[in-house]
Amino acid sequence: MRKVRIGMVNYINTAPIYETWKTRSHPQNWHVVEAPPSSLNRMLANGELDLGFVSSYEYGVRPEEYRILSDLSISANGSVGSVFLFSRVAPSRLNNQYVLLSGQSETSISLVKILLEEFFHVYPKYEVGDVNGRKADESEAILAIGDEALRLSASDAFPYKLDLAEVWCQHTDLPFVFAVCAAREEFCREYPEIVSAIHREFLFCKGEGRKHLESICEIVAPRIPMHPDECYVYLRAIEYGLGGRKQLALETFFQYLIDRNEASPKSVPLNIFES
Ligand SMILES: C=C(O[C@@H]1C=C(C(=O)O)C=C[C@H]1O)C(=O)O
């Protein structure tokens, strides 16, 4: 059997699933690739991965190439704690100002544009790059995600901090789905039993991770570094399911993207794979 290539976001937000996964034995041909979301998106699109966690934006752009594995996501219902627009001025004053967007993201890049332009009616000048690089000093605001956002958040370098999921929730009354677990359509057709097996394993790990969250936080908190208790509060708030409200939230996000010509009209309704 050929190698099965599985993408995993290399932030601590996947730890409840992935730290559990690492403790279990799997078929030798299952191979996990750890990378930032934008790299996983590109690899899944190219066929260098067969399935894995990717920005929900990636599904929105190429829905016909994928199926979303049911009841898996990286989401928040209210504030997420690791997707922030850090700003030197009030977000309402960002018109025509430089905003640096993390090159590791795709969903949050689109989300911040929706929030600023459609909810706050400000139109900044955007650049994509390294939020820890030289460009950051010249930008009025910075979009950071994942572990980088957790680190920047602790530094207090920016007086204004906008939690993107919280603002989305205030305006739409919906949760926000940052990432989905997507499998390539042709891989699902050719190897449905492998997709099912990996899907069931992810669902199992999700359940176990929730149960053992405290010990998982002890393992991953030093990677930021942050206090394990703070890590616990953070990871408790991240949600990994994809129930009815989250599906509605995802379709609402895709509808914004469709209206902005950023996503395919075929991204709605969602094409979901059930095991
Ligand atoms: C919640 C988060 O969501 C992440 C944001 C993503 C994006 O903006 O494309 C992709 C995957 C998620 O891991 C986070 O980064 O902390």
Side-chain angles (χ1 to χ4, degrees), residues 9-13 36-38 55 57 74-179 217 220-239 253 256 260:
V9 173
N10 66 353
Y11 301 153
I12 67 165
N13 65 24
S38 56
S55 301
Y57 178 89
I74 302 173
S75 314
N77 194 3
S79 50
V80 60
S82 59
V83 179
F84 290 112
L85 181 72
F86 296 98
S87 185
R88 300 183 205 281
V89 297
S92 58
R93 296 182 53 201
L94 283 172
N95 221 6
N96 283 323
Q97 302 297 314
Y98 279 104
V99 173
L100 180 65
L101 307 169
S102 167
Q104 299 193 357
S105 163
E106 283 192 321
T107 302
S108 309
I109 285 183
S110 294
L111 178 59
V112 80
K113 290 177 180 171
I114 292 169
L115 303 186
L116 291 175
E117 296 170 20
E118 307 202 17
F119 297 175
F120 295 170
H121 309 290
V122 294
Y123 299 84
K125 294 180 269 193
Y126 303 107
E127 287 183 297
V128 176
D130 177 2
V131 297
N132 294 307
R134 202 173 37 84
K135 274 259 163 67
D137 299 331
E138 297 155 14
S139 305
E140 213 57 38
I142 291 172
L143 166 73
I145 70 166
D147 294 1
E148 287 186 336
L150 290 171
R151 290 186 193 108
L152 273 170
S153 188
S155 84
D156 261 354
F158 293 86
Y160 296 87
K161 215 169 91 173
L162 215 62
D163 185 306
L164 267 49
E166 187 181 5
V167 178
W168 165 268
C169 180
Q170 284 161 354
H171 283 256
T172 62
D173 211 18
L174 287 169
F176 190 79
V177 180
F178 288 93
C217 288
V220 300
R223 274 170 45 188
I224 300 304
M226 72 200 292
H227 194 282
D229 294 348
E230 195 193 342
C231 183
Y232 184 80
V233 171
Y234 166 56
L235 290 180
R236 274 294 297 189
I238 307 265
E239 299 184 351
F253 175 55
Y256 273 101
R260 294 166 61 85

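Below, all heavy atoms of this structure are taken into account, side chains as well, without hydrogens, waters or symmetry copies.
- For the pair Ser139 and Arg88, the tightest heavy-atom approach, listed with the atom from each and the gap, is O-NE, 2.9 Å.
- Heavy atoms only, all atoms of each residue included: Gly81 and Asp163 are closest at N-OD2, 2.9 Å.
- Heavy-atom minimum distance, Phe84 versus Ser153: CE1-OG, 3.8 Å.
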With a 3.5 Å cut-off and sequence neighbours excluded, list the donor-acceptor pairs that the side chains of residues 106-122 form with protein atoms.
residue, atom, partner, partner atom, Å
Glu106, OE1, Asn41, ND2, 2.6
Thr107, OG1, Ser56, N, 3.0
Thr107, OG1, Ser56, OG, 3.3
Thr107, OG1, Tyr57, N, 3.3
Thr107, OG1, Phe178, O, 2.9
Ser110, OG, Glu262, OE1, 3.0
Glu117, OE1, Arg260, NH1, 3.2
Glu117, OE1, Arg260, NH2, 3.1
Glu117, OE2, Tyr126, OH, 2.7
Glu118, OE2, Arg260, NH1, 2.8

Could you go through Leu85 and Leu164, starting from their C-alpha distance and side-chain angles, then the distance that decides it, and tell me whether this counts as side-chain contact (heavy atoms from CB on, under 4.5 Å)? CA-CA 7 Å; Leu85 181 72; Leu164 267 49; 4.0 Å; yes

Using side-chain contact (heavy atoms from CB on, under 4.5 Å), reason through Arg151 and Ile224 one step at a time and then give a plain yes or no. CA-CA 6 Å; Arg151 290 186 193 108; Ile224 300 304; 3.8 Å; yes

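- When side chains are defined from C-beta on, Phe176 does not count as touching Val80, because their heavy atoms never get closer than 4.5 Å.
- The two residues Arg223 and Asn10 come nearest to each other via the heavy atoms NH2-O, 3.7 Å.
- Nearest heavy atoms, Lys125 versus Asn96: CE-O, 2.8 Å.
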Is there a side-chain contact (heavy atoms from CB on, under 4.5 Å) between Ile12 and Tyr234? Walk through the geometry before answering. CA-CA 10 Å; Ile12 67 165; Tyr234 166 56; 3.9 Å; yes

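- Across all their heavy atoms, Val128 and Leu100 have their closest contact at C-CD1, 4.1 Å.
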side-chain contact (heavy atoms from CB on, under 4.5 Å) assessment of Thr172 paired with Phe253: CA-CA 10 Å; Thr172 62; Phe253 175 55; over 6 Å; no

